[in-house]
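In what follows, a structure is listed as structure tokens, so that the remarks can point back to it.
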Amino acid sequence: DGKAIAGQIYEEIRAAVAELKTKHGITPGLATVLVGENPASKAYVGSKQKTCTAVGFYSIGEHLAEDASQEEVEGLVKRLNADPTIHGILVQLPLPRHLNEEKSLSAVSIEKDVDGFHPLNIGRLAMKGRKPLFVPCTPAGCIELLVRSGVQIEGAEAVVLGRSNIVGLPVSMLLLHRNATLTICHSRSHDLPGICRRADILVAAVGQA
């Protein structure tokens with residue numbers, strides 16, 4: 001029950017935020033960076049800010065024009081890196097085509113990379129015996145759902161549909177770190193139905209039902 005588990009997590013976060021404020025006088029601060037007018041991205045950023053308010057975070061939303069330059073995006077990110085009231089920075093993807101995604105994500109301080117997309121965090125996630133500071137949120141959510149639902153991941157046959165940098169690849173690495181036997185499927189995979197049927201755990205990350 002995803003909604004019930006999410007509600008439980010929200011309550012845990014509210015309590016942790018309240019304790020952080022009371023004991024240390026710190027309010028967690030999250031900044032979102034949105035470039036352009038992509039409707040899905042705008043809705044997603046709005047949802048993040050609404051959730052921040054619900055759990056007691058301080059949040060700001062930075063919005064740049066569709067034609068913003070690479071220098072403008074990186075400059076904004078660097079200003080947020082230097083802001084002591086901001087503890088996490090989310091650069092909303094996808095970016096407009098003229099911008100360099102890797103450079104934009106690399107500009108985020110690794111200590112504030114709460115989306116887990118900085119090359120160093122992704123690199124650590126991909127390596128055995130390393131731990132990233134942060135993990136991409138949707139893959140982390142998939143694992144949290146499995147763990148809180150009592151699913152045995154170790155030794156299970158896990159099949160992931162999709163190999164995107166945002167969901168497919170990171171969730172594959174998280175399953176592998178938990179000792180699942182892993183298969184990654186994509187548009188060139190043969191006998192997709194047969195592979196899916198043998199899965200103990202199936203993660204669909206292909207953007208359609």
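Only a predicted model underlies this, so the values are computations on that prediction, with no experimental measurement involved.
- One hydrophobic cluster, built from ILVMFWY side chains closer than 4.5 Å, cannot hold both V151 and I5; they sit in different ones.
- Side-chain contact check for Q92 and K48: at least one donor-acceptor pair (N or O, by modelled atom type) lies under 3.5 Å.
- A donor-acceptor contact shorter than 3.5 Å links the side chain of H63 to the backbone of G36.
- The pair E157-R198 meets the salt-bridge criterion, since a charged nitrogen lies less than 4.0 angstrom from a carboxylate oxygen.
- V35 and A65 make their closest contact through CG1-O, 3.4 Å (heavy atoms, listed as atom of the first residue, atom of the second, distance).
- Taking 4.5 Å as the limit, every side-chain heavy atom of V167 sits out of range of all side-chain heavy atoms of P136.
- Residue T181 comes nearest to G155 through the heavy atom pair OG1-O, 4.4 Å, listed as atom of the first residue, atom of the second, then distance.
- At a threshold of 4.5 Å between non-hydrogen side-chain atoms, the residues L175 and I153 count as touching.
- Clustering of Ile, Leu, Val, Met, Phe, Trp and Tyr side chains at separations under 4.5 Å places I195 together with V159, L161, L192, L202, V206.
- Linking Ile, Leu, Val, Met, Phe, Trp and Tyr residues whenever their side-chain heavy atoms come within less than 4.5 Å leaves I26 and V17 in two separate clusters.
- Looking only at distances, no side-chain donor or acceptor of Q49 sits under 3.5 Å from a matching main-chain atom of G46.
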Let me see the working for S104 and E74 under side-chain hydrogen bond (donor to acceptor under 3.5 Å, both in side chains), right down to the final yes or no.
CA-CA 6 Å; S104 301; E74 290 183 39; 5.4 Å; no

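- Considering every non-hydrogen atom in both I201 and A156, the closest pair reads CD1-CB, 3.9 Å.
- Looking at I89 and S109, their side chains never come closer than 4.5 Å, going by heavy atoms from C-beta outward.
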For H118 and L105: C-alpha separation, side-chain torsions, deciding distance, then whether side-chain contact (heavy atoms from CB on, under 4.5 Å) applies.
CA-CA 6 Å; H118 190 286; L105 296 176; 6.0 Å; no

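- Considering every non-hydrogen atom in both I86 and Y58, the closest pair reads CD1-CE2, 3.9 Å.
- Hydrophobic clustering (side-chain heavy atoms under 4.5 Å, transitive across Ile, Leu, Val, Met, Phe, Trp, Tyr) groups V147 together with M173.
- Listed by first then second residue, pairs satisfying side chain to side chain donor-acceptor pair (under 3.5 Å) with a partner in residues 133-146 read E144-R148, not counting sequence neighbours.
- Taking CD from E72 and CG from D67, the interatomic distance works out to 7.5 Å, rounded to the nearest 0.5 Å.
- With hydrogens and angles disregarded, a donor-acceptor distance shorter than 3.5 Å links the side chain of S189 to the backbone of H186.
- Counting only distance, with no hydrogens or angles, the side chain of K112 and the backbone of L30 share no donor-acceptor pair below 3.5 Å.
- With R178 contributing its side chain and L174 its backbone, the two residues share a donor-acceptor pair below 3.5 Å.
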Run D115 and V108 through side-chain contact (heavy atoms from CB on, under 4.5 Å) and show every step you take.
CA-CA 10 Å; D115 246 345; V108 178; over 6 Å; no

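- Using a 4.5 Å heavy-atom cutoff, the side chains of F117 and V91 are not in contact.
- Put simply, the side chain of K103 reaches to within 4.5 Å of the side chain of Q70, judged on heavy atoms.
- For E37 and K42, the salt-bridge test passes: some basic side-chain N is under 4.0 Å from an acidic carboxylate O.
- Separating the CG atom in N100 from the CG atom in L95 is a distance of 9.0 Å, to the nearest 0.5 Å.
- Under the 4.5 Å side-chain criterion, counting only non-hydrogen atoms from C-beta, L182 is in contact with V160.
- Between N121 and I110, some side-chain heavy-atom pair lies under the 4.5 Å cut-off.
- Distance alone, capped at 3.5 Å, places no donor-acceptor pair between the R163 side chain and the I184 backbone.
- Contact check for P94 versus S41: side-chain heavy atoms found under the 4.5 Å cut-off.
- Both L176 and L125 are part of a single hydrophobic cluster, where members link through side-chain heavy atoms under 4.5 Å apart.
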